[in-house]
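Ligands are counted one by one from 1 in listed order, and the atoms in each one are counted from 1 as well. Count residues from 1 along the sequence.
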Amino acid sequence: MKLHIAVLPGDGIGPEVIAQAVKTLKAIATEYNHVFTFEYGLVGAAAIKKTGSALPEETLELCKKADTVLFGAIGSPQYDKDPDAKIRPEQGLLGLRKALDLHTNIRPIIAYEDLSNKSPLRKKWIKDVNLCFYRELTGGIYFGEKTWSNDGNTASDTCTYTRNQIERVAHSAFKAAKSRRNKLTLVDKANVLASSKLWRKVVMEMALQYPEVDVNYLYVDQAAMQLIINPKQFDIILIENMFGDIISEEASVIVGSIGLLASASLGDKYSMFEPIHGAYFKATDKGIANPIAAILSAAMLLEHFDLHEEAALTRRAVDKSLQLHITTPDLNTKYDNISTSKVGDFIEDFISNPEETNLNFTNIHLGQSTII
Ligand code: IPM
Ligand code: MG
């Protein structure tokens, strides 16, 4: 298959982790005779610095003409202390989501057996957790009207949803539930918010079209608690934009590190794949950023283009790296010198030679004997 991939590494640790995802995709291309081409673009603080805009026109054009987009992270502490900043790195990401109409954000949360001791939650509660968020990504309070009073002492954000916006993400969520454990939970605040009442009404109507799916409804405050005390009850969680941002980040404690969480953002025409974690500025260029979320985002990209065998091999490589403790310090309790790029090298090596070299490779990279 030929794929032209727009690569937007962005800020902070974005470039380092995306480099490992590109390495992975190149290894897959070689192994399976695909032609993947990569074209780089600026976004976020890096783009503001060079062009004055967080989403330069050129970047948007690049994303539109490419087959898909691989995105790193955006953000910079410089802006976090300036609430009056007119231009912010986040505008790059939000602008892309809107311009490419990426309405459905898929965030899988899978607990790895090998990492169960990394989560602050009890092992028996998190074992076998496999849930997936379907977060609406182009509506709600993020994109509603914003106002400031003239004296600067009053501000408002509006949360608006239309039936159509709800239906398109909900259809994808119902279909996903059908291919999984047939369970869908709508998370909302329908006891208070008008927009949530619309969500509940539309989803209740739609449930009739999917009789095999068991649909549950949870208020977001209750969901926040249930996710921690009994995450195994969930299969698909359908959720609006803002609640989804908060609750999906909370879910990262189940897997032990946000550095493991990948995502896909899909529209009718375009697609984008990105790790959930942010720019983690403090860690930039230290070689400690976990590239697994970016690599698993690349696996989701492969799946999106029906390259299932390729995606499965990528996932096997990730599993193996976790099993052998070829991981960055956020996860590693055994070795302290495994860098971002070493994890990427291991994944690349495993993909090119899944059966034989990996144990040997472990030893080489740990500076140990190569005779095994
Ligand atoms: C996310 C991020 C973004 C969001 C930020 C960076 C704008 O937190 O993708 O979850 O709020 O959606
Ligand atoms: Mg977030």
Considering only protein heavy atoms, which is closest to [atom], and at what distance to one decimal place?
| atom | value |
| --- | --- |
| atom 7 (C) of ligand 1 | Glu90 CG, 3.8 Å |
| atom 9 (O) of ligand 1 | Arg97 NH2, 2.7 Å |
| atom 11 (O) of ligand 1 | Tyr142 OH, 2.5 Å |
| atom 8 (O) of ligand 1 | Asp245 OD1, 3.2 Å |

Open item on the list: Please name the atom of Asp245, limited to N, O or S, that comes nearest to the Mg ion (ligand 2).
Closed with: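 Nearest N/O/S atom of Asp245: OD1.
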Task: Which segment of Gln91 sits under 4.0 Å of ligand 1 when only heavy atoms are counted - done: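 Contact part for Gln91 vs ligand 1: neither.
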TODO: With heavy atoms under 4.0 Å as the rule, classify the contact between Arg135 and ligand 1 as side chain, backbone, both or neither.
DONE: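 For Arg135, the contact with ligand 1 is made by the side chain alone.
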Open item on the list: Please tell me whether Ser257 and Asp330 have a donor and an acceptor in their side chains that are separated by less than 3.5 angstrom.
Closed with: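 Yes, because at least one side-chain N or O of Ser257 sits under 3.5 Å from a partner of the opposite role on Asp330.
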- [ ] For the pair Phe174 and Tyr210, name the ring-plane relationship: parallel under 30°, tilted 30 to 60°, perpendicular over 60°.
- [x]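 Ring orientation, 0 to 90° scale: parallel.
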Task: Winner among Arg107, Glu249, His277, Arg88 once heavy atoms are compared against atom 1 (C) of ligand 1 - done: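 That would be Arg107.
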Open item on the list: Looking at Glu205 and Arg200, is there a salt bridge between them, counting it only when a charged N and a carboxylate O are closer than 4.0 Å?
Closed with: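 Salt bridge flag = no for Glu205 with Arg200.
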Task: Residues Lys146, Asp157: salt bridge by 4.0 Å N-O rule - done: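 Salt bridge flag = yes for Asp157 with Lys146.
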Task: Sole candidate of Ile295, Asn290, Ile276 that passes side-chain contact (heavy atoms from CB on, under 4.5 Å) when paired with Leu260 - done: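 So, applying the side-chain contact (heavy atoms from CB on, under 4.5 Å) to Leu260 and each of Ile295, Asn290, Ile276, only Asn290 qualifies.
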Task: Aromatic centroids of Phe273 and His304 separated by under 6.0 Å - done: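 Yes - the distance between ring centres of His304 and Phe273 falls below the 6.0 Å cut-off.
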